[in-house]
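Data block below; observations after.
Only heavy atoms go into these numbers, but all of them, side chains included; no hydrogens, no water, no symmetry mates. By convention in this document, chain letters (A, B, ...) are assigned in the order of the sequence lines, proteins followed by strands, and residues within each chain are numbered from 1. A quick note: this is a predicted structure, and the numbers were derived from the prediction, not measured.
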2 protein chains.
Amino acid sequence: MPIKHLHGNCLEVLRDVPAASVQLIVTSPPYADARASTYGGTPPDEYVAWFLPIAAEMKRVLKPTGTFILNIKEKVVDGERHTYVMELVLALRKQGWLWTEEWIWYKKNCVPGHWPNRFRDTWEHLYQFNLERKFDMHQKAVMVPMGDWAKTRIPRLSEKDRTRDPSASGSGFAKNVSNWAGRDKVYPTNVLDVELDEFAVMDPGTTVQLATETGFQGHSAAFPVGLPEFFIKLFTREGETVLDPFQGSGTSGVAATNLRRDYVGIDWLEENIALAKARIERECRPQGPSLMDLVESIENSG
Amino acid sequence: MPIKHLHGNCLEVLRDVPAASVQLIVTSPPYADARASTYGGTPPDEYVAWFLPIAAEMKRVLKPTGTFILNIKEKVVDGERHTYVMELVLALRKQGWLWTEEWIWYKKNCVPGHWPNRFRDTWEHLYQFNLERKFDMHQKAVMVPMGDWAKTRIPRLSEKDRTRDPSASGSGFAKNVSNWAGRDKVYPTNVLDVELDEFAVMDPGTTVQLATETGFQGHSAAFPVGLPEFFIKLFTREGETVLDPFQGSGTSGVAATNLRRDYVGIDWLEENIALAKARIERECRPQGPSLMDLVESIENSG
DNA sequence: GTTCCGCATGAATCGATAG
DNA sequence: ACTATCGATTCATGCGGAA
C-alpha cells in the first residue's frame, strides 16, 4: 500500500510524478487571500495565473479516465463575491479540462457570525473535471441506504407524529423505522451533506475516523474525511492512485489509505508533511479487505 | 394592494415600468434551451446576449437599495456543464451589477433518475445582485427557530434519544422539544432547503399553499412559493413593489400578494397571464396584517 | 456506562480606527 | 483617499468534566 509524501513547491514536485499514473486528484488548494503581503496567500486577481501551470501538470499525471475534484470557495471582496473561481473554471476548460459537474458541499458546522448584509456561508463548490467524456465511475460504491431518508424522512415523520398524536409518538416512530430498514439502497445526489450517519451506515469501519476528524485541531483548513472518501470510492478502485497536491493535514491520505488506494500527497510546508504522516499512521488501522470491497471485487470479476 | 399583469415581450414591456419603482426583482427566467416548445428556447451560446438588454431594463426599474434574485441552472451539453451561467454573471457585473451573494436552493424532494456518469441534480443557483453596496435587508423577517431551519438540532436530539434509550424516547423527546421551543430564533444561512415543513414552522399561514404548490401542474418550471416568499420578506417591506419579469404560473405574485407587497408580473404567453391571475385570486386570501408584520412595524417604528 | 452541561473554536465579514 | 489592523458578532459541534 504505497504512500508517498512529497515535500516542496507543488508545481516542481508534480514534474516528478509519472504521466498518466493517477486515477483521482482530490484537493482543496489554499483559497485566494486578499492579504498577500502579510500571509503570503495568492491575491484573487492573480489566482488563475498561479493555478494554471499546476493544473497543466495535473493534466499530465492524470489517467485519461481519471477525475479531478476541486474544492474551492469565493471570498468576499468589497462586499461582492469575487469572480476568481468562475474565471478559474473557464480557464481550466480552455486548458482542455471538461467541466463535467458541480457538486455542492453543504457544511453543517460553518463559521459563526452576523452581518448587516449577509448570512452565514454554509456551502462550498466541488468542481468535477475530466479529460474525456467517458471516465471511470463506480456508482454502486457510494450508494446510500434510502436516499435522504436518514436526514429528512425520519425527523419529519417524527415531527408529524408528534404534532398529530403526541401520545402515540413513541410507538409510531419506532414502527416507521422498522418499515424503512428493509429497503434497497439508492444513489446519492450532487449535494453532499457530509454527516456522520450517512457514511457510518455505508461503511461501519469509518465511523470512528469521521467522529474524531471533525474536531481535528492540527490544521486550520481541514475538510472532513468523508468528503475525499466519497470521491475516492466513486472514482477509483482498490490499488489505484489518489493524488492530493495540497494535502495540508493529510485528510485525503487518511481516506485513501483506509480504502486501500495508493496515495501521493504534496505540501509546501515541512510541518504539514510530518503532520500528515503521523496522522495516517495514527488513524489508519491495518486490516483485511472490507465487506464492501469484497462485494465490489466479486461483482467486477463476475 | 395593486397587482399588475403585463402581457408581452419582456424587454418591451419593461420599458413601460417607471424607473426606480421596484424594490425586489425575483425571477426564474427560462433556462437555456429549456421549455423550447412554449418560449422558443434560447440556445446556451446566445443566452447572455439575449439576457443583457433585459437586465439593463431591470437595472433601470430597480430602486438603488433594491435587490435582484436570479434563479438559474446550467444545462448539460455534450457531457459538460455549460458555462453560460458563469458568463452571464460576469457580464452582469460588467453591466454594473454587484454580485453580492450566491444562495443555494437545495431541492430535497427532486425527481428520481439515474445516469451512467452523473447523479441526480438537486440544487440550483440563486444569484443575488445589487446596485449599491448598501441595500435594504430585513433579516429579522426571516429568522427561523433553532438553527438550521429547525431540522438539525431537533432531529439529532431525537435520534440520540432513540438510539441510546429507546424505551424512554417518547417522553424524553417531548421534554427536549419543549426546552428548545422557548429559545430565541436564529438567522438562516445561504443554503435554502425549501420544503413544506420548514416553511410551515417559519410561517404557519403558508402551509396550505406550499402543500398545493408542490403538486402544481399548470406550468412546467414552477418554483415553490416558499422561495420568493423568503426573498420578499428579506428584501422588501409591506407596500413595496416586487417584479417578476418571467412570471410563468405567478408563484412570485402569490407570495407577494399574501405578504401585502405590490406586484408586477410579466409574461410572453397570454395563457400564463390568465393562469397567474386566476391563481392569485384563488390562493391569496384577504386578511388583516399578519403577526409577523405587526411585530416588524412596531420594531421599526420604535 | 450514560447523560447533561459548559466551553472552546472554526477556510468569516463588516465597520471603525489608526497610520 | 487608501491600506492595515482590531473588535464585535454568532452558532453547530465535539470534547471533557461532573453528576
Exercise. Which parts of nucleotides 12-19 of chain C does protein reach within less than 4.0 Å, heavy atoms only, written one letter per nucleotide 5' to 3' as B for base, S for sugar-phosphate only and - for none?
Worked result: BBSS----

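When rounded to the nearest whole Å, the span between OH of B/Tyr187 and C1' of D/dA8 equals 14 Å. Rounded to whole Å, the distance from CG on B/Asn190 to P on D/dC11 is 15 Å. With rounding to whole Å, A/Gln247 atom CD is found 18 Å from C/dA11 atom C1'. The interatomic distance linking A/Lys107 (NZ) with C/dT9 (C1') rounds to 14 Å, in whole Å.
With sequence neighbours excluded, no residue satisfies side-chain hydrogen bond (donor to acceptor under 3.5 Å, both in side chains) with B/Lys134. Remark: A/Asn9 engages A/Leu11, A/Glu12, A/Trp268 in a side chain to side chain contact (heavy atoms under 4.5 Å, CB included) (not counting sequence neighbours). By the side chain to side chain contact (heavy atoms under 4.5 Å, CB included) test, A/Gln128 is found to be paired with A/Thr67, A/Ile69, A/Thr100, A/Glu101, A/Trp103, A/Asn130, A/Phe135, A/Phe235, residues two or more places apart in sequence or in another chain being considered. Applying the side-chain hydrogen bond (donor to acceptor under 3.5 Å, both in side chains) test to A/Glu74 and every residue at least two apart in sequence or in another chain returns A/His125. Partners of A/Trp50 according to the ring-ring contact (aromatic ring centres under 6.0 Å, His included) rule, which considers only residues two or more places apart in sequence or in another chain, are A/Tyr47, A/Phe246. Partners of A/Val48 by side chain to side chain contact (heavy atoms under 4.5 Å, CB included), not counting sequence neighbours, listed by chain and number: A/Leu52, A/Glu87, A/Leu88, A/Ala91. Residues satisfying the side chain to side chain contact (heavy atoms under 4.5 Å, CB included) criterion with A/Ala55, sequence neighbours excluded, are A/Phe51, A/Leu92, A/Gln95, A/Trp97.
Of all heavy-atom pairs between A/His5 and A/Ala276, the closest is CE1-CB, 3.9 Å.
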Problem set entry | Watson-Crick and G-U pairing of DNA chain D written in dot-bracket, each distance under 3.5 angstrom, with | for inter-strand partners | .||||||||.|||||||||

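Nucleotides C/dA11 and D/dA8 are separated by 22 Å at their P atoms, to the nearest Å.
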